[in-house]
Structure formats: C-alpha cells, structure tokens
Amino acid sequence: MTDKYAQLVNQGLGRNVAKKLGLPQPAVLRRYEPGGPLITGPVLVQGGTVGADSLAAELLSWDLDVRRHAVPREKLGAILLVLDDVAQPEDLGKPVLSAAASLRDLAPGGRVITVSRPASDATSPAAAAARQGVDGLLRSLAKELRAGATGNGILLAPDVQATSPGALAAVRFFLSGRSAFVDGQFIRVSTAAGAAPPELEKPLKGRIAVVTGAARGIGAAIARTLHRDGATLVLVDIPAAGDQLAAVANEVRGTALQLDISRDDAGQRILEHAVQRHGRLDIMVHNAGITRDKLLANMDEARWNSVIDINIGAQLRINEALLGSEYFRASPRIVSVASTSGIAGNRGQTNYAASKSGVMGMVRATAPLLATHGGSINAVAPGFIETEMTARVPLVLREMGRRLNSLQQGGQPTDVAETIAFFASDSASGINGEVLRVCGQNLMGA
Ligand code: NAD
C-alpha cells in the first residue's frame with residue numbers, strides 16, 4: 001500500500017507547499033540494502049566507562065569511523081551514549097549533555113543509541129532512579145530527532161557487558177537500516193550468550209524457517225527477508241489463499257503448505273511437512289492473524305472466539321507441538337507477531353488486543369523453555385504498517401495511524417520483517433522473552 005501524501009511532500013512543489021503550511025513532512029527512511037554500509041559517517045561513543053571504551057574498540061574492529069570526542073561541525077552517522085554505570089540521577093548530566101552538543105550534527109537517517117542497565121536490577125533506590133531516568137530521556141530524545149533519525153536503547157542484565165554478543169547484535173541492528181521504523185524503544189539483553197554479530201550477508205544460511213500467513217502483507221515480506229538472509233522456507237496460509245501462497249513460495253524457492261492454523265493438528269502438520277522435506281525445523285514465525293473489530297457492547301461469540309483462537313490459541317498449540325519434538329532442538333527460535341493494540345488498547349479491538357496481549361504474555365512465559373535448548377522466543381509489536389489489513393481502515397483513522405508517530409508515516413511490511421529476521425538470527429540469542437515495537441514511536445502505547 002502506498003502513502004501518497006508522503007510521496008507528494010517529498011518532491012518539488014509539494015515539498016515547498018508543505019514547508020510553508022507547516023504540514024508533516026515524513027522523511028524517506030534509511031532502509032537496509034544488502035552490500036551497503038552499516039552506517040554512513042562517524043560514530044561518536046560518549047561516556048567515560050570501561051564499557052564505553054571497550055564498545056568503541058569493538059566498533060573500530062568493524063571498520064567504522066569511531067570518535068571518542070566530537071569534532072566540531074562534523075556530520076555524524078550515530079551517537080552511542082554509554083550509561084552502564086550510572087548510580088544516581090546526578091550521574092546522567094555530564095555524559096548526556098556532552099552528547100547533546102553533538103545532536104545538531106547528526107546526519108539524516110542517523111542513530112542515537114543508549115546502553116544502560118534496567119532499573120529492575122538496581123540495588124539502591126538512587127541507582128534505580130538513575131537507570132529509569134534513561135528511559136524517559138531516550139523516549140523524549142527520540143521525539144526530538146528529525147529527518148528519519150531514530151533513538152533506541154539497549155538494557156544490559158547484570159552479567160552482560162556492552163560488548164557481550166547479544167549487546168553487539170543489538171547495536172548492529174539499531175545502527176543499520178534494518179531498524180528504520182524502530183524508534184524510542186529498548187531491547188533487554190538477558191544473557192551473555194550468543195554468537196558474535198555476523199558481518200554475514202546471509203545470517204540465516206542453512207536454517208529451516210516456517211512463516212504462517214505468508215500469502216500476502218507482512219507474512220510475504222517476512223518470507224522474502226528470511227530468504228534474502230539465507231533461510232530455507234516453508235510457507236503456510238489458508239487454502240483460500242493458495243494461489244497467492246504458491247506465488248510467494250515460488251519467488252523465495254520455498255514450499256507452500258495450505259493449512260488453517262486454527263486446526264488442532266496444525267503443529268503436527270507443520271512439523272511433518274518440514275521434517276519430510278528438510279529433516280528438521282529451526283525457526284517458527286507466527287505471523288498469521290485476523291481482526292474482527294466491534295465495540296465490546298456489540299461483540300458476538302463468533303468474532304471474539306475466532307480472533308482469540310487464530311491469534312493466540314493457534315500459536316500456543318503449535319508451540320506445544322514444536323517444543324515436544326526432537327526435530328525442533330537446534331538453537332530453536334520462535335518469533336511472534338503481536339501489535340501495539342495489545343500494549344495500548346484500541347477502541348473496537350477488545351478481542352484483538354486481548355489476543356495480542358496474550359501473545360506477549362505467552363512469549364515471556366515460554367522464554368525459559370526455549371533457553372533450555374539454547375533457543376529464544378521474542379515478539380514484534382507492529383504499529384501502523386501499510387498492508388491490505390490497514391488499507392481497510394477508514395480514511396481519517398488511517399491518516400491518524402500514519403502520522404501520529406515520531407517518523408510521521410506508516411511502516412512498511414519489510415520493517416517488521418527485518419526485526420523478525422534479527423530475532424531469528426543466532427547473533428540475537430542473548431535476547432529472550434522480549435517484545436519490540438516496530439511502530440515509529442507511535443503515540444499509541446508510547
Ligand atoms: P493480512 O490480513 O494482510 O495477512 C494475514 C495473512 O494471514 C493472510 O494471508 C491470511 O490469509 C493469513 N491467515 C489468516 N488466518 C489464517 C489461518 N487461520 N491460518 C493460516 N493463515 C491465516 O495482515 P497483515 O497486515 O499482513 O498482518 C500480519 C500480522 O501482523 C497479523 O498477525 C496482524 O495482526 C499483525 N499486525 C499488523 C499490523 C498492520 O498495521 N498491518 C499492525 C499490528 C499487527
């Protein structure tokens with residue numbers, strides 16, 4: 001689906017008119033291109049800690065142009081603000097204000113990334129206050145950035161360092177164009193485990209992945225992205241979408257499995273299909289989902305039940321089948337698609353929001369089970385994404401969905417797909433039980 005307004009105000013006369021009238025001018029986002037640079041321009045690492053020093057050294061080894069001090073008026077690709085040892089709110093001032101002086105030099109599509117520790121692990125009220133302070137700081141700063149620049153944060157659990165594999169994987173993800181529509185968000189790295197972040201163009205090479213709801217929209221984009229990253233694919237959708245599913249499967253050289261995921265034996269059917277063709281299954285992407293919107297006062301049983309059953313019931317049943325199978329044991333990864341509606345709630349979507357909140361609860365509770373096999377489960381919560389699902393939203397609501405975020409535009413299916421590919425990769429294995437919003441810092445659930 002296209003955002004005609006964004007196209008109009010990004011060219012010639014439209015640009016000038018929008019500027020004069022003070023209308024929103026959504027920037028063209030910097031998205032990932034295979035073979036392209038991770039980030040263009042120097043990366044300034046701010047912060048006086050051991051973590052900042054070692055992170056700067058690591059980024060140098062990635063061949064990035066790294067600065068420990070700002071050079072006046074030099075355009076910067078990114079600013080990393082390392083706050084991993086703040087013990088009281090007063091500790092924030094010096095590093096934050098040093099970084100502030102460089103914000104005007106951040107290039108379009110630039111990145112600000114904080115690296116800190118969660119308040120929940122702090123051992124004193126003052127440390128908790130300082131750590132929680134990073135939350136408000138980052139979310140506000142992200143709202144101040146312009147020209148497609150974004151701000152995101154990484155939270156390190158107690159035994160995780162700024163250069164632990166999962167932290168580096170998150171730094172790489174946030175620096176790259178893969179995170180174009182992720183803004184104002186935090187990723188918690190819970191273990192020091194994980195593979196070194198791959199420089200590889202095909203981080204999923206040799207991995208067998210299943211994607212549900214792959215015939216169109218976000219699911220088709222996930223299939224294309226996982227294929228680009230090297231995975232071998234099994235694509236699932238309902239029989240009525242069989243032709244579209246076959247077309248996507250041909251495009252990504254995968255196989256199609258026509259299956260309604262709400263069937264009781266869906267997990268078994270998926271396993272049989274994957275094992276027969278590939279001998280095992282490594283990555284399960286739960287993307288299929290439906291909406292049946294009604295105010296709760298007008299809600300009928302069929303609407304309520306179908307949404308709960310397809311959006312969360314099916315995921316639970318399929319996971320149970322996979323987790324009980326010896327063919328889903330090699331660093332297994334599950335990635336589920338939730339929604340910002342499940343975080344903030346949405347009028348007319350009690351059933352949908354309950355199902356998507358349910359996905360997030362399920363992901364957190366299932367994380368320890370995956371960890372026992374060296375695996376992980378995470379969720380992506382998209383905000384407004386340009387698909388056939390959102391094309392059906394009435395015009396005014398649609399425009400609100402698009403513009404009421406820090407990037408002033410809807411995301412593309414590929415933005416959700418990039419985050420899913422990141423969670424599916426071994427480099428992200430230190431990240432488990434997380435929910436990451438891909439919403440441009442939408443006001444809904446912000
Ligand atoms: P879509 O309607 O375009 O595609 C969904 C796909 O799932 C379709 O191909 C459909 O046939 C398939 N599907 C539905 N029920 C199924 C079943 N029982 N068995 C197998 N396949 C089934 O939707 P989309 O916009 O691409 O959304 C994909 C996911 O992202 C959904 O889970 C949705 O809730 C979520 N999401 C979308 C947005 C958005 O803005 N588009 C926002 C938040 C979350």
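One-based numbering, in listed order, for ligands and for the atoms of each.
Between Arg216, Glu388, Lys356, Gln315, it is Arg216 that holds the heavy atom closest to atom 1 (P) of ligand 1. Distances from atom 10 (C) of ligand 1 to the heavy atoms of Asp237, Leu235, Asn311 show the closest one on Asp237. Nearest residue to atom 28 (C) of ligand 1 from Ile261, Asn287, Asn346 is Asn287 (criterion: closest heavy atom). If you check each of Leu257, Ile218, Val236, Leu259 against atom 20 (C) of ligand 1, the one with the closest non-hydrogen atom is Leu259.
When all heavy atoms are compared, the tightest approach of Cys439 to Thr340 is CB-CG2, 3.9 Å.
Not a single heavy atom of Ala221 lies less than 4.0 angstrom from ligand 1. Close to ligand 1: Asp260, with a non-hydrogen atom less than 4.0 angstrom away. For the ligand labelled ligand 1, residue Gly383 lies inside the 4.0 Å heavy-atom shell.
In this structure, atom 22 (C) of ligand 1 lies nearest to the protein heavy atom Ala288 CB, 3.7 Å. In terms of protein heavy-atom proximity, atom 16 (C) of ligand 1 is nearest to Ile238 CG2, 3.8 Å. For atom 30 (O) of ligand 1, the closest non-hydrogen atom on the protein side is Val337 CG1, 3.3 Å. Ile385 N, 2.9 Å is the protein heavy atom nearest to atom 40 (O) of ligand 1. Among protein heavy atoms, the minimum distance from atom 43 (C) of ligand 1 is reached at Pro382 O, 3.3 Å. Of all protein heavy atoms, the one lying nearest to atom 7 (O) of ligand 1 is Gly213 CA, 3.4 Å. Considering only non-hydrogen protein atoms, atom 5 (C) of ligand 1 sits nearest to Gly289 O, 4.0 Å. From the protein, the heavy atom lying nearest to atom 34 (O) of ligand 1 is Tyr352 OH, 2.5 Å.
We find that Arg317 and Glu320 are not joined by a salt bridge, their nearest charged nitrogen and carboxylate oxygen being 4.0 Å or further apart. No salt bridge links Asp260 with Arg263; every basic N to acidic carboxylate O contact stays at or beyond 4.0 Å.
The backbone N or O of Arg228 lies less than 3.5 Å from a partner atom in the side chain of Lys202, making a donor-acceptor pair. The backbone N or O of Gln349 lies less than 3.5 Å from no partner atom in the side chain of Asp293, so there is not a single donor-acceptor pair.
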- Go through the steps for Arg207 and Asp426 under the test salt bridge (Lys or Arg N to Asp or Glu O under 4.0 Å), then give the verdict. CA-CA 10 Å; Arg207 303 283 278 166; Asp426 282 347; 3.8 Å; yes

- Task: Assess whether side-chain contact (heavy atoms from CB on, under 4.5 Å) is satisfied between Thr150 and Gln185, documenting all intermediate values.
- Result: CA-CA 10 Å; Thr150 61; Gln185 305 305 312; over 6 Å; no

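Set against the non-hydrogen atoms of Ala338, the atoms of ligand 1 under 4.0 Å away are 44 (C). Contact atoms of ligand 1 toward Gly217: 26 (O) (distance under 4.0 Å to a heavy atom of the residue). Interface atoms of ligand 1 facing Ser339, defined by a heavy-atom separation under 4.0 Å, are 43 (C), 44 (C). Close contacts of ligand 1 with Ile290, meaning ligand atoms under 4.0 Å from a residue heavy atom, involve 14 (C), 15 (N). For ligand 1, the atoms sitting less than 4.0 Å from at least one non-hydrogen atom of Thr390 are 39 (C), 40 (O), 41 (N), numbered in the order shown with element in parentheses.
Inter-residue side-chain proximity for Leu259 and His273 is flagged as unmet; no heavy-atom pair is nearer than 4.5 Å. Contact annotation: the side chain of Ser429 approaches that of Arg333 to within less than 4.5 Å [non-hydrogen atoms, C-beta and beyond].
Around atom CZ of Arg277, more than 12 heavy atoms belonging to other residues, nucleotides or ligands sit under 6.0 Å away. Annotation for Asp159: atom CG counts as buried by contact number, over 12 foreign heavy atoms lying within 6.0 Å.
The side-chain tip of Arg178 does not point at the ring of Phe173 from less than 6.0 angstrom away and within 45° of straight on.
Residue contacts with ligand 1 for Pro413 are absent, since no atom lies close enough (heavy atoms, distance under 4.0 Å). Only the side chain of Thr387 comes within 4.0 Å of ligand 1, judged by heavy-atom distances.
For the side chain to side chain contact (heavy atoms under 4.5 Å, CB included) with Ile420, the qualifying choice from Val380, Asn287, Leu436 is Val380, the only one to do so.
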